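Below: the structure, in structure tokens.
Source: prediction; values computed, not measured. Letters A, B, ... mirror the listed sequences (proteins, then strands); counts begin at 1.
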There are 2 protein chains.
Amino acid sequence: MGNKTDLLTVGSDRSPSRAREDYVKAIYQLGGGAPVRAAAVARYLNVSRVSVSKAKRLLEGDGLLEPEPAPAKPLRLSHKGRALAVAMVRRHRLLETFLHRSLDVPLERVHAEAERIEHVISDDLAARIAAFLGRPSSDPHGHPIPYDDATAAGGPLPTLASVAEGARVVVVSLDDRDDEAVGALAAAGVLPGAALRVERNDTAKMRVRCGKRVVSLNRRHAAMVRIAT
Amino acid sequence: MGNKTDLLTVGSDRSPSRAREDYVKAIYQLGGGAPVRAAAVARYLNVSRVSVSKAKRLLEGDGLLEPEPAPAKPLRLSHKGRALAVAMVRRHRLLETFLHRSLDVPLERVHAEAERIEHVISDDLAARIAAFLGRPSSDPHGHPIPYDDATAAGGPLPTLASVAEGARVVVVSLDDRDDEAVGALAAAGVLPGAALRVERNDTAKMRVRCGKRVVSLNRRHAAMVRIAT
DNA sequence: GGTTAGCGTTAGCCATGGGTAACAAGACGG
DNA sequence: CCGTCTTGTTACCCATGGCTAACGCTAACC
């Protein structure tokens, strides 16, 4: 196959619809339905506040944001915007599941790949992928796949980094946005469903027993792990 | 699933890299390696000649086109451009095969879907899809899948519309760019590998025996069928 | 030879997405 | 109460992709 240093690295990749979908998804993931500050969106997407401010007008024009005549107000998704956001999340998680399960894409690379594909597949195709996979209930990082537009949020779970020594916990999910952490955690066997026991948690590296293995985890990586008891 | 009249219909969808890839692919498919007139590219992509003229400069800048100081000369892909074009064709055909075989996407919808996805998957992912499918040699429309950068062109085959009455032929491929024709042909059983006998070919509708069935085909549709004897 | 058609280019216009610089207004800390 | 930080906005600038209008050329066609 074409092994010539990936020819395709040509342009940036900001298509009109892609940018809009990214904004909507960011607002949704930051607020979970609640209004979100523009500056937070800017940081989340690594763009300037100005870009968010301009995008705001365009998104309002598309009916994806609740129209807000008063300036300096937080961003609120409209019904349509929320539905689009949920559709994006659904596609993203279905794609991640497919890439990991069927194509054996390593866990830490699944997110980036899905991030690009999610913008170009139709709802119909997403439904076919879901059927192909047997309508999985969660993606390989442990996040639930929303099949209807219900939010089903629930407050954020505690992270592994915050657990007291000696505690036994179960891994619920990993933050897929941090490739490096996901790679390290997967290598250590810290995956959704794994039962852990925290051996030490007082320095930059914590020790965790995972099955028969005792592994050493970077604190920053452990902060990417959501857990339950 | 989100059945709300496809929310995603928001923007056009011309990302920088997408446009470049479309130009390169068009030049490749029109010329098969030989130089191509800009106007032909414009017609093929449904854009103005002006857009092609401007794209030319950008593509030269990217090293995808052979630099051409003299104006009004045909467009020639560089080595890099040709390799990119072949990669695009490979991805496209692999995607079509996957969509049709694994996800049961109807033949006439496979092209449009692949057309969008091909721009966002990595070479690595294409390789994984190929492995998943068992390295198929051709796509569902009957076009060969190029696994190396070899061109393997060979002159264009005759079309079903040009066949004399009474002749027996075998369907090699369908032109996937014409959704309507592909739908009609697939419904009639005129698919790659099918053995046909032309019963009548003198009016706007031709009659063809296909297995046990005798079907009536629109001439325009028949012109989308490449055949061999 | 003149007319007509097609081709490639240039000039100019629009929309989108992204960026800086700058500013007014509010929140916070001292 | 005064400085400092954060925020959202505005005014510009840049690149891309696409468009129409218009022009010069070439190549047919009569």
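Remark: A:Arg37 is not in phosphate contact with D:dT7, judged by side-chain N or O atoms under 4.0 Å from OP1 or OP2. Side-chain N/O atoms of B:Tyr23 include one lying less than 4.0 angstrom from OP1 or OP2 on D:dG18. Here B:Arg43 does not reach the OP1 or OP2 of C:dG6: none of its side-chain N or O atoms lies under 4.0 Å away.
Scored by the side chain to side chain contact (heavy atoms under 4.5 Å, CB included) test, B:Ala114 finds B:His92, B:Leu95, B:Glu96, B:Leu99 as partners (sequence neighbours excluded). Here B:Asp202 pairs with B:Arg200 under the side chain to side chain donor-acceptor pair (under 3.5 Å) rule; sequence neighbours left out. Shown here are the side chain to side chain donor-acceptor pair (under 3.5 Å) partners of A:Ser48, two or more places apart in sequence or in another chain: A:Ser51. A:His141 meets the ring-ring contact (aromatic ring centres under 6.0 Å, His included) test with no other residue; sequence neighbours excluded. Scanning for side chain to side chain donor-acceptor pair (under 3.5 Å) contacts around B:Glu60 gives an empty result, with sequence neighbours left out.
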Pull out every protein N or O sitting under 3.5 Å from an N or O of nucleotides 19-26 of chain C, one pair per line with the distance.
from   : atom 1 : to      : atom 2 : distance (Å)
C:dG19 : OP2    : A:Ser48 : N      : 3.1
C:dG19 : OP2    : A:Ser48 : OG     : 3.1
C:dG19 : OP2    : A:Ser51 : OG     : 2.7
C:dG19 : O6     : A:Lys54 : NZ     : 3.3

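Distance B:Leu59 CG to D:dG18 C1': 15 Å, rounded to the nearest Å. Distance CG (B:Leu75) to C1' (C:dC7): 12 Å, rounded to an integer number of Å. Going from atom NZ of B:Lys56 over to atom C1' of C:dT9 covers 9 Å, rounded to whole Å. As a whole-Å value, the separation of B:Glu68 CD from C:dT9 C1' is 14 Å. Regarding B:Ile27, its CD1 atom lies at a distance of 12 Å from the P atom of C:dG8, rounded to whole Å. To the nearest angstrom, P of C:dG8 lies 14 Å from CD of B:Glu60. Atom CZ in B:Arg57 sits roughly 13 Å away from atom C1' in D:dA15 (whole-Å rounding). Distance, B:His119 NE2 to D:dG17 P: 12 Å, rounded to whole Å.
Looking at the side chain of A:Arg20, the nearest of the listed nucleotides D:dG17, C:dT10, C:dG17 is C:dG17. Nearest nucleotide to the side chain of B:Ala19, out of C:dT16, C:dT10, D:dG18: D:dG18. Checking D:dT7, C:dC7, C:dT16 against every side-chain atom of B:Ala39, the shortest atom distance belongs to C:dC7.
Side-chain contact, B:His100 with B:Asp139: no donor N or O sits under 3.5 Å from an acceptor N or O.
Residue pairs meeting the salt bridge (Lys or Arg N to Asp or Glu O under 4.0 Å) criterion with at least one member in residues 25-47 of chain B, sequence neighbours excluded, are B:Lys25-B:Glu115, B:Lys25-B:Glu118.
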For residues 219-228 of chain A, please give each side-chain donor-acceptor pair under 3.5 Å, one per line with the distance, not counting sequence neighbours.
from     : atom 1 : to       : atom 2 : distance (Å)
A:Arg219 : NH1    : A:Asn201 : OD1    : 2.5
A:Arg219 : NH2    : A:Ala161 : O      : 3.0
A:Arg220 : NH1    : A:Asp178 : OD2    : 2.6
A:Arg220 : NH2    : A:Glu180 : OE1    : 3.4
A:Arg220 : NH2    : A:Glu180 : OE2    : 3.2
A:His221 : NE2    : A:Glu180 : OE2    : 3.0
A:Arg226 : NH1    : A:Leu157 : O      : 2.3

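Taking the ring axis of A:Tyr44 as reference, the NZ or CZ atom of A:Arg177 stays within 45° of it and closer than 6.0 Å to the ring centre.
Rounded to 10°, the helix from C:dG1-D:dC30 to C:dG30-D:dC1 has 0° between the axis fitted to its first five pairs and the one fitted to its last five.
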